[in-house]
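Atoms within each ligand, like the ligands themselves, are counted from 1 in listed order. Since this is a predicted model, take the numbers as computed values, not measurements.
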Amino acid sequence: MFYTFQRRLSFKITILGSSGALPAYGRFPSSQLVEIQNRHFLVDCGEGAQMQLMKFGVNFHRINHIFISHLHGDHYLGMMGLIFTMHLLRRTNDLHIYAARGMDEIITTHLRHSMSAPNFRIVFHALIPGTNEIIFEDNVVTVETVPLIHKLPTLGFIFREKTKPRRIDKTKLPEGLRILQLAGLKRGDDVLDDDGNILYRNVDLTLEPRKARTYAYCSDTAYTETLLAHLANIDMLYHEATFTDDEEDKASITLHSTARQAATIARKANVKQLLLGHFSARYRDLEPILTEAKSVFENAHLAVEGSVFTISD
Ligand SMILES: [Zn+2]
């Protein structure tokens, strides 16, 4: 029972790919699995994402929503392999894909030429470049876009848990309350008697709600302080760190960021934790990237394949 309770509240990010444009040193192109209270979101889908999902034991059927930041190949070339495998595994649930216009054409062209029709429906959601808007919402989470600065229209994604209900304080709960009264307490109502008089005040029987958690995914982007307002006080920020500082010119020409720039965004936005990724193939050893970021923002981590980052409840 306790285990089920823990799973329901999980908020974790599994890194499937951490490499920049070229795969290198066993690193895969960008892809992450974001799990929030038993919802499974795939964020970017670089080549080999399905192999990584298998390696890390993820059940493909649980992924119903895929978010693609932009249409550079290292962020979406795993899509067709994943879709064909989902078909072979007899998926039936709708698959929602959120990406720039063009992704739909890429997929339908593949399917048409291979004379394949998946067993499941693909629902395409065209993202509008340059916008900050909510593109997914259910009863526990919203996903919103955030504009990034890159050579193609590129969007980051911010996952925000919704405000949670108050928690019943079991140590203070009187006996004999009815189920409807308990449900009302969780909603923030007082407990009333049959005549509508207050029997117990809500604040006396409940605890503050748990904090709503947040995760932001920002890849690929040049350094831009326009992000700060969107990222303020985020629990966990993934920000690309393609280069180290000595390649700052290269970063600005290619509209990517250095580790120092990623860390500066984290510090200025007052986020709690920073994940670094999208590493250039020029770095076999990633320690210089981590060291550089930590010199600006201490709570920085390398988001390498297989690492799992949890935001506690
Ligand atoms: Zn790119």
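A salt bridge links K272 with D235: the distance from a Lys NZ or Arg NE/NH1/NH2 to an Asp or Glu carboxylate oxygen falls below 4.0 Å. Contact check on E247 versus R282 returns a salt bridge, with a Lys/Arg side-chain nitrogen under 4.0 Å from an Asp/Glu carboxylate oxygen.
When ring centroids are compared, H150 and H72 come within the 6.0 Å threshold. In summary, the aromatic rings of F120 and H87 are positioned with their centroids too far apart to meet the 6.0 Å limit.
The aromatic rings of Y215 and F11 lie perpendicular to each other, with more than 60° between the two planes, well past the 30° mark.
In plain terms, the two heavy atoms of Y98 and I135 that are nearest each other are CE2-O, 3.4 Å.
For the Zn ion (ligand 1), protein N/O/S neighbours under 2.8 Å (waters excluded) are H70 NE2, H72 ND1, H150 NE2, D220 OD2.
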